[in-house]
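Working notes, structure below.
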Amino acid sequence: MAVLHLVNRAAALDACLAAARDEDAVLLLEDGVYAAVAALAPARPLHALEPDVRARGLSARLADHVTVVDDAAFVRLVEQHQPVVSWR
Amino acid sequence: MAVLHLVNRAAALDACLAAARDEDAVLLLEDGVYAAVAALAPARPLHALEPDVRARGLSARLADHVTVVDDAAFVRLVEQHQPVVSWR
Amino acid sequence: MKFALAVHGAPYSSQSAATALRFARAALAAGHTIPRVFFYHDGVHSACALAVPPQDEPSPQAGWVALAEQHGIELAVCIAASLKRGVVDAGEQHRYDLPASNVHPAFTVVGLGQLLEAIMSSDRFVTFAA
Amino acid sequence: MKFALAVHGAPYSSQSAATALRFARAALAAGHTIPRVFFYHDGVHSACALAVPPQDEPSPQAGWVALAEQHGIELAVCIAASLKRGVVDAGEQHRYDLPASNVHPAFTVVGLGQLLEAIMSSDRFVTFAA
Amino acid sequence: MEAKHILFLLRQPPYATSHALEALEAVLVAGVFDQVVSVLFSGDGVWQLVDGQDGAPLGQRTVAKVAQALPQYDVTNLYVCARSLEQRGLDVGDLALPVQVLDAVEQRTLIAAQHAVVND
Amino acid sequence: MEAKHILFLLRQPPYATSHALEALEAVLVAGVFDQVVSVLFSGDGVWQLVDGQDGAPLGQRTVAKVAQALPQYDVTNLYVCARSLEQRGLDVGDLALPVQVLDAVEQRTLIAAQHAVVND
């Protein structure tokens, strides 16, 4: 099964990506969503948590390849992946 | 008067050095002392706080240009500098 | 599915508890069960009954308490982490001769074994890091 | 010299309070005075009277209390930061109808103005960051 | 008592912790003390200034709104680090309030002119 | 109940916070539950392993000593990230206990084989 990586600080994304396979999913949340900004986002598929994106005023500033997901979709990502790994 | 910069996380040293003048003093403390390790230390005079260095097992691993200081010398640095700026 | 959650951060110094609470609501709404939420490290501060949130801000604790009552979730506070941080129930108050206790009655103080038990008996384990 | 100190981190989630305590001892030994230590942000947890440190580890709070008594230091806890984190004295317990209070009597709950006053009236201001 | 030069060096991002909000509250209080108060946003602290924030989805106050109140409390020396903006792909057009952009040399001069620096 | 594969991913440096120590305590407890327990030290977590530590100057327990107790609690799958060591100028000779060095591919395989990952 593919792995779900949760990243709650932008600075932790590098370490996460070094340990993630192409088929694994990465969800940016909390301060991790800053890594989804166009100027900063690495070139691989990323998810970003909607309440965190919106609160920080980042909705219009994200890279094109970032998928914004709500809490219900966060739950579906957890259903579909194992294990769930947190990076900070 | 010269400035005293306190750095308590290694990752904050870059930002500190961008804001420090040559005559300013930089004291690494707490997790900041990891930036004093030979493999990581930038080429400028640095102080590192002795109890933090010793606890982490770093006494023999520091760069040559790092001066290890005890709490009494920390106090003297504060006497001799103004302002004191903290970076984390 | 059965989910086990761990909360590692304190309200106001981390979003950990707030994110976990929203996730828990969404998971329950999707039909999943959450037998236990384990509060570890600074996460134990969520159990403190003495916090007064700023006006116009929801109480993070009230959210947990309501969810636990509605869905039979155990709110488990790690004793090894809570005792040193001053989050104590009446039993510990008595044992250590402390002037008061402050754990909200909806929370239960437990040992670290309960974290492992929750992980072992669930389909997914999610840590909400500090 | 007169030093003002600010402590921003909680014991066990930051060395802030422990480093500040060692610094304060060294400063007093060198003949300086410290009229006030201001506990802000998560630093307010240092005032909680219910913490039980692990065996063989010194109590961070006992160190502050002893120093304050010997040298007449005001241990000032910021009310804006402490109330939301569940660190409350008897006055706030009464005002907000809380089940207990937990501020150690050696600490005083004050407003943010006291931080500015301490900065303005001292020769050096040192923040011990979280 | 002579007026002191007090700089608030704000480097924490908003929302994940209350450090940003609590530090801004301290700035507001400083504004009423008749000191020479300055604020420098740097590092992830520049995110406090970004336009379009809305704390509501997180049940929090909107941090940029608090920052916008600073001039009303007589805090008008508001600065932002040029390099921190650039590194994040931001410019002053992205910010919710007018602030003066400082390069590294200007920041060094600002810091060295202070009696005290308060950080978040 | 089938034995689960549980990985402790330890990335925090020791001493500044109690996260490292508390996470190691959880590993020790996990050791008695008859599960397949592994520990991966990575990022600043590798500092937990460095030889010559002494918590006494900080009034704390020595974290490397706690890590050294892991094998006695039947936790023998101990791994460290090769890149994290290199970045800090460290090699296995600097460490206080024997651990197996994993490259990035091996770490990905280890993580993907887990039922649950506990982080610090």
Side-chain angles (χ1 to χ4, degrees), chain C residues 1-10 12-17 19-20 23 27 32-47 76-87 109-130, chain F residues 1-45 48 55 58-61 63 66 69-70 73-75 77 110-120:
Chain C
M1 281 185 176
K2 274 167 78 170
F3 287 176
L5 311 185
V7 174
H8 284 192
Y12 308 109
S13 73
S14 163
Q15 272 185 261
S16 166
T19 304
F23 179 88
H32 300 293
T33 59
I34 305 176
R36 179 179 296 147
V37 179
F38 193 85
F39 295 86
Y40 198 33
H41 302 301
D42 285 346
V44 299
H45 287 297
S46 278
V77 182
C78 177
I79 188 166
S82 64
L83 199 53
K84 65 172 91 154
R85 289 176 176 85
V87 177
V109 178
V110 303
L112 261 175
Q114 299 305 93
L115 169 63
L116 273 297
E117 195 281 327
I119 293 171
M120 287 159 54
S121 61
S122 61
D123 301 300
R124 293 289 184 278
F125 174 65
V126 185
T127 297
F128 294 86
Chain F
M1 210 153 43
E2 194 194 351
K4 295 231 175 183
H5 291 244
I6 303 173
L7 171 67
F8 288 81
L9 176 61
L10 305 189
R11 292 180 32 80
Q12 301 305 313
Y15 304 112
T17 77
S18 63
H19 275 263
L21 207 55
E22 289 175 347
L24 286 173
E25 285 166 2
V27 179
L28 296 176
V29 170
V32 305
F33 273 85
D34 276 335
Q35 309 295 302
V36 183
V37 174
S38 306
V39 184
L40 171 59
F41 296 87
S42 117
D44 282 333
Q48 297 181 31
L58 305 180
Q60 295 189 33
R61 290 164 68 193
V63 172
V66 180
L70 292 172
Y73 286 75
D74 292 329
V75 180
N77 302 319
L110 176 69
I111 290 171
Q114 305 301 317
H115 291 100
V117 175
V118 186
N119 81 296
D120 61 358

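All heavy atoms count here, side chains included; hydrogens, waters and symmetry mates do not. Within every chain, numbering begins at 1; the chains are lettered A, B, ... in the order of the sequence lines, protein sequences first and strands thereafter.
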Interchain contact, C/Ala81 with chain F, by part (heavy-atom threshold 4.5 Å)
both

Say whether, by atom type as modelled, one donor and one acceptor occur between the side chain of C/Arg36 and the main chain of C/Ala76 under 3.5 angstrom.
no

Examine whether an atom of F/Leu28 lies under 4.5 Å from a heavy atom of chain C, and if so say whether it belongs to the side chain, the backbone or both; otherwise answer neither.
neither

Is there a donor-acceptor pair under 3.5 Å between the side chain of C/Lys2 and the backbone N or O of C/Pro35?
no

At a heavy-atom separation under 4.5 Å, does C/Ala4 approach chain F through its side chain, its backbone, both, or neither?
neither

Output yes when C/Lys84 and F/Glu25 qualify as a salt bridge under the 4.0 Å nitrogen-oxygen rule, no when they do not.
no

With a 4.5 Å heavy-atom cut-off (strictly below), which parts of residues 36-44 of chain F touch chain C? List them by number.
none

Please report the shortest heavy-atom distance between F/Lys4 and C/Ser122, naming the atom on each side.
NZ-O, 2.7 Å

Under 4.5 Å from any heavy atom of chain C, what part of F/Val32 do you find: side chain, backbone, both or neither?
neither

Hey, does the side chain of F/Gln12 reach the backbone of F/Gly45 with a donor-acceptor pair shorter than 3.5 angstrom?
no

From the options F/Val27, F/Leu21, F/Leu10, F/Leu9, select the one residue that forms a side chain to side chain contact (heavy atoms under 4.5 Å, CB included) with F/Asp120.
F/Leu10

With distance as the sole test, does C/Ser82 use its side chain to make a donor-acceptor pair with the main-chain N or O of C/Cys78 at under 3.5 Å?
yes

Can you label the angle between the C/His8 ring and the C/His41 ring as parallel, tilted or perpendicular, going by 30° and 60°?
perpendicular

